[in-house]
2 protein chains.
Amino acid sequence: MNIVLVTEEEVRDGRVTLTDHRAAHIRKVLRASLGDRVRLGIINGRRGSGIITAIGKGASSPVCLLVDLGEEPGPPPEIDIILALPRPIMLRRILTQVAAMGIGTLFIIHANRVEKSFWDSGLFDDHGYLEFLRQGLEQAVDTRMPEVRIFRRFRPFAEDYLPQITASYQNRITAHPYGDARLVDCLLPGPGRVLLAVGPEGGWVDFEVGKFASLGFSTCTLGKRILKVDTAVVALHAGISAIREMQGRKR
Amino acid sequence: MNIVLVTEEEVRDGRVTLTDHRAAHIRKVLRASLGDRVRLGIINGRRGSGIITAIGKGASSPVCLLVDLGEEPGPPPEIDIILALPRPIMLRRILTQVAAMGIGTLFIIHANRVEKSFWDSGLFDDHGYLEFLRQGLEQAVDTRMPEVRIFRRFRPFAEDYLPQITASYQNRITAHPYGDARLVDCLLPGPGRVLLAVGPEGGWVDFEVGKFASLGFSTCTLGKRILKVDTAVVALHAGISAIREMQGRKR
């Protein structure tokens, strides 16, 4: 945890009182004491620090902080990801990693090769997935929570919803181990948002690749090596970011 | 497992007999039967397929394959990585991921912020780490096993060993959250090998950054976001690969 995140509702009169794992972190890991500043931010809001105004010694005693938030949140990330639902253990890791790397919206969808039982993981009850996104923000010192949209059926997503939003993305990419283009060929130079579709273990089926292609997605590969979905998501995000930065330098 | 890997010693007269988890994989996951071909490769050797010449139905009965290896191993990867020893659970994941993405040599070293207890994980007894590298190769359909070199003390590595090998790398990069340059500025255009040094959680200490800098390493960051080591390793590898591919296109 490189930043303590609080919700807007937790701040009252410029002060916040913590009693949960965040208090324990401040006490045990940061070993902070009265008057110290710790990095603090409001989820979807400003960042800065909290000055400790009270800190008990007991493991469950509260930590009170005076909030001092001088910094705007960073710019919204340009990358959004469509993710075919992976197995729960992998989804948790991907949620934390994409939140750490920075994405705008994560669309979690069904696909032909997604096992139906993956939907029963409990991560979608009571927004259980938010905890893992929050861990990614705490790691990356960010406050901007990615949006998550969930589609339990492929066709309503691909046929009804997706056509409405594609126009807002300059770059639309389907990642596919057997894609015919390389990432560097798929990204148009210039600014603009990127929508990246990452399939399940075993990949998208032809019908799905076709649906994306009909909406202007180019089918793109990272190379001949077949990667696990969690590795592929991080590698694609990093590859896209590096290419766009390089394109930016040339302008 | 996208390729069944065997050692050279296991192949006798062009045939191999499997009885372990690989036999179980062929039977249960691939559901292969007599006469089927399965992807097969020799560790550090050629790739191709194995034709099933005998397959019992019992869970522990052997699978016999006739080996047909038409394909050379891929070119050796251009990226080598120096990794400050992370906690064991993270090391396992990194081993699998770097083997899947492709690296030449992994130097696992001690550093100031490495907890000494991490060396007692058992991964270094009897080359226990090889199992995780092999899983990465099986995932990526590769046969080329990364070399691993282990240095339990930083100074002998940085002062005695490293100076002997740096000349063979055109690009030397220390990854550091507070580095002063971006990845795109650190990579020289043109071919040539890359040596990337990734620090522990908490980063390299100044003394270590200085040692690398004195050997021609540029100190380089992925941006303001602080990433976990496993995420950072994959992101750096993918970023370097994307930039080099783009540089290659321009030549």
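Chain letters run A, B, ... following the sequence lines, proteins first and then strands; every chain starts at 1. Note that the coordinates shown come from a computational prediction; the quantities given were computed from them, not determined experimentally.
Inter-residue side-chain proximity for B:Q139 and A:R225 is flagged as unmet; no heavy-atom pair is nearer than 4.5 Å. Counting heavy atoms from C-beta on, the side chains of A:Q247 and B:M246 come closer than 4.5 Å.
Contact detail for A:I243 and B:A242: the closest heavy-atom pair is CG1-CB, 3.8 Å. Between B:A238 and A:A238, the shortest heavy-atom contact is CB-CB, 4.0 Å.
For B:L183, no part lies under 4.5 angstrom from a heavy atom of chain A. The contact between B:T231 and chain A is made by backbone and side chain atoms together, counting heavy-atom distances below 4.5 Å. For a residue to count as touching a neighbouring chain, one of its non-hydrogen atoms must lie under 4.5 Å from one of that chain's; by this rule A:A232 does not touch chain B.
When the shell of 6.0 Å around CG of B:D206 is examined, it contains 12 or fewer heavy atoms from other residues, nucleotides or ligands. The local environment of CZ in A:R87 is sparse, with at most 12 non-hydrogen atoms from other residues, nucleotides or ligands closer than 6.0 Å.
Here the straight-line distance linking atom CG of A:D230 with atom CG of B:D230 works out to 9.0 Å at 0.5 Å rounding. Atom CZ of A:R93 is separated from atom CZ of B:R93 by 4.0 Å, given to the nearest 0.5 angstrom. Between atom CG of residue A:L227 and atom OG1 of residue B:T96 there is a gap of 12.0 Å, rounded to the nearest 0.5 Å.
Considering only heavy-atom pairs separated by less than 4.5 Å from chain B, the leading option among A:G136, A:A100, A:G239 is A:A100. Note on B:G102, B:S241, B:G74: by heavy-atom pairs under 4.5 Å with chain A, the leading option is B:G102.
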